[in-house]
Amino acid sequence: MVQKFVEIPRLPALKRKLTTLGSSILSKKLMGEIGFMAINRIDKRTARGLDVNGQAFKPYSPAYRLFRMKNKRPVNIVNLNFYGTMMGAMTADTDKSTAKILFTNTSRGPGDTPATQKAFFLNPTRNFFALS
């Protein structure tokens with residue numbers, strides 16, 4: 001078998017250029033797109049009733065299931081969505097090299113639990129706020 005080699009003229013200069021290009025590719029806009037792609041992924045998976053590992057969420061408790069039924073909310077899929085405020089409160093905080101997914105501290109009004117607290121208490125039982 002004959003080995004063939006490819007000669008790359010000015011290889012050290014090309015390596016330096018690629019290294020420089022790699023760091024300049026990162027931008028706040030790119031990180032924003034990555035962040036919102038991650039949110040979309042979490043949203044779609046959760047709407048299907050699946051956790052971060054693709055497993056079905058733990059069923060609603062009998063009392064909460066009855067509460068949802070009385071309020072004409074679906075109970076066949078555990079999708080963590082009653083009004084949509086928690087899932088709708090996900091946002092991405094970005095800079096040129098990172099995208100942090102977080103919940104804004106929103107609620108529907110007086111007496112409603114803020115989205116940050118809902119997510120905090122739901123995630124240990126139904127691990128939705130993560131990426132695999």
Side-chain angles (χ1 to χ4, degrees):
M1 182 159 136
V2 177
Q3 290 185 344
K4 294 185 179 183
F5 295 94
V6 176
E7 284 190 38
I8 302 174
R10 301 182 328 146
L11 182 60
L14 180 59
K15 285 181 178 179
R16 282 192 303 275
K17 182 71 174 170
L18 289 174
T19 301
T20 304
L21 181 62
S23 63
S24 69
I25 287 175
L26 297 177
S27 69
K28 185 172 177 143
K29 182 179 178 186
L30 175 63
M31 289 298 118
E33 289 181 27
I34 291 170
F36 284 104
M37 238 173 55
I39 289 169
N40 189 335
R41 187 172 175 186
I42 292 168
D43 246 348
K44 284 183 175 184
R45 184 187 63 230
T46 302
R48 291 192 321 264
L50 303 175
D51 69 11
V52 67
N53 298 311
Q55 302 299 310
F57 285 131
K58 176 182 173 182
Y60 292 128
S61 69
Y64 187 67
R65 184 180 172 88
L66 183 61
F67 172 76
R68 286 182 66 92
M69 290 170 69
K70 285 180 181 178
N71 285 278
K72 297 179 174 51
R73 301 289 183 213
V75 294
N76 57 334
I77 294 178
V78 177
N79 63 10
L80 311 183
N81 192 345
F82 196 84
Y83 290 114
T85 52
M86 180 186 73
M87 297 305 286
M90 267 193 291
T91 190
D93 182 21
T94 62
D95 61 30
K96 75 175 198 164
S97 63
T98 59
K100 296 176 189 171
I101 313 303
L102 51 96
F103 289 88
T104 56
N105 203 17
T106 58
S107 64
R108 291 183 325 105
D112 187 33
T113 306
T116 50
Q117 288 180 17
K118 289 177 188 176
F120 178 80
F121 290 113
L122 279 171
N123 204 53
T125 304
R126 298 181 179 96
N127 187 14
F128 74 98
F129 190 62
L131 296 171
S132 61

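- The same ILVMFWY cluster, assembled from side-chain heavy atoms under 4.5 Å apart, contains both Met87 and Tyr60.
- Of all heavy-atom pairs spanning Ala99 and Met31, the tightest one is CB-O, 3.4 Å.
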With side chain to side chain contact (heavy atoms under 4.5 Å, CB included) as the test, would you mind laying out the steps for Phe128 and Met86 before giving the verdict? CA-CA 12 Å; Phe128 74 98; Met86 180 186 73; 3.8 Å; yes
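- Heavy atoms of other residues, nucleotides or ligands lying less than 6.0 angstrom from OH of Tyr64 number more than 12.
- For the atom pair Asp93 CG and Thr104 OG1, the distance stands at 11.5 Å (nearest 0.5 Å).
- Cluster annotation: Tyr83 is connected to Phe57 through the hydrophobic network of ILVMFWY side chains, with a link wherever side-chain heavy atoms come within less than 4.5 Å.
- Here Lys96 contributes atom NZ and Leu30 contributes atom CG; the two are 12.5 Å apart, rounded to the nearest 0.5 Å.
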Apply side chain to side chain contact (heavy atoms under 4.5 Å, CB included) to the pair Thr98 and Thr94, showing each step before the final yes or no. CA-CA 6 Å; Thr98 59; Thr94 62; over 6 Å; no
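- Contact record, Ala38 with Ile101: CB-CD1, 4.2 Å, taken as the closest heavy-atom pair.
- Put simply, the side chain of Arg126 never gets that close to the backbone of Ala56: no donor and acceptor are under 3.5 Å apart.
- Of all heavy-atom pairs between Ala119 and Phe103, the closest is CB-CE1, 3.4 Å.
- Scanning all heavy atoms of the two residues, the minimum distance from Asn71 to Phe82 falls at CB-CZ, 3.6 Å.
- Interatomic distance, CG of Asp43 versus CZ of Arg45, reported as 10.0 Å (0.5 Å rounding).
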Test side chain to side chain contact (heavy atoms under 4.5 Å, CB included) on Met37 and Glu33 and set out the steps. CA-CA 6 Å; Met37 238 173 55; Glu33 289 181 27; over 6 Å; no
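- Interatomic distance, NZ of Lys58 versus CG of Leu122, reported as 11.0 Å (0.5 Å rounding).
- Here the shortest heavy-atom pairing between Ile42 and Phe129 reads CD1-CD1, 4.4 Å.
- Of all heavy-atom pairs spanning Asn79 and Ala47, the tightest one is CB-O, 3.7 Å.
- Grouping Ile, Leu, Val, Met, Phe, Trp and Tyr by side-chain contacts under 4.5 Å, direct or through others, puts Met69 with Val75.
- The CG atom of Asn127 sits 9.5 Å away from atom OG1 of Thr46, with the distance rounded to the nearest 0.5 Å.
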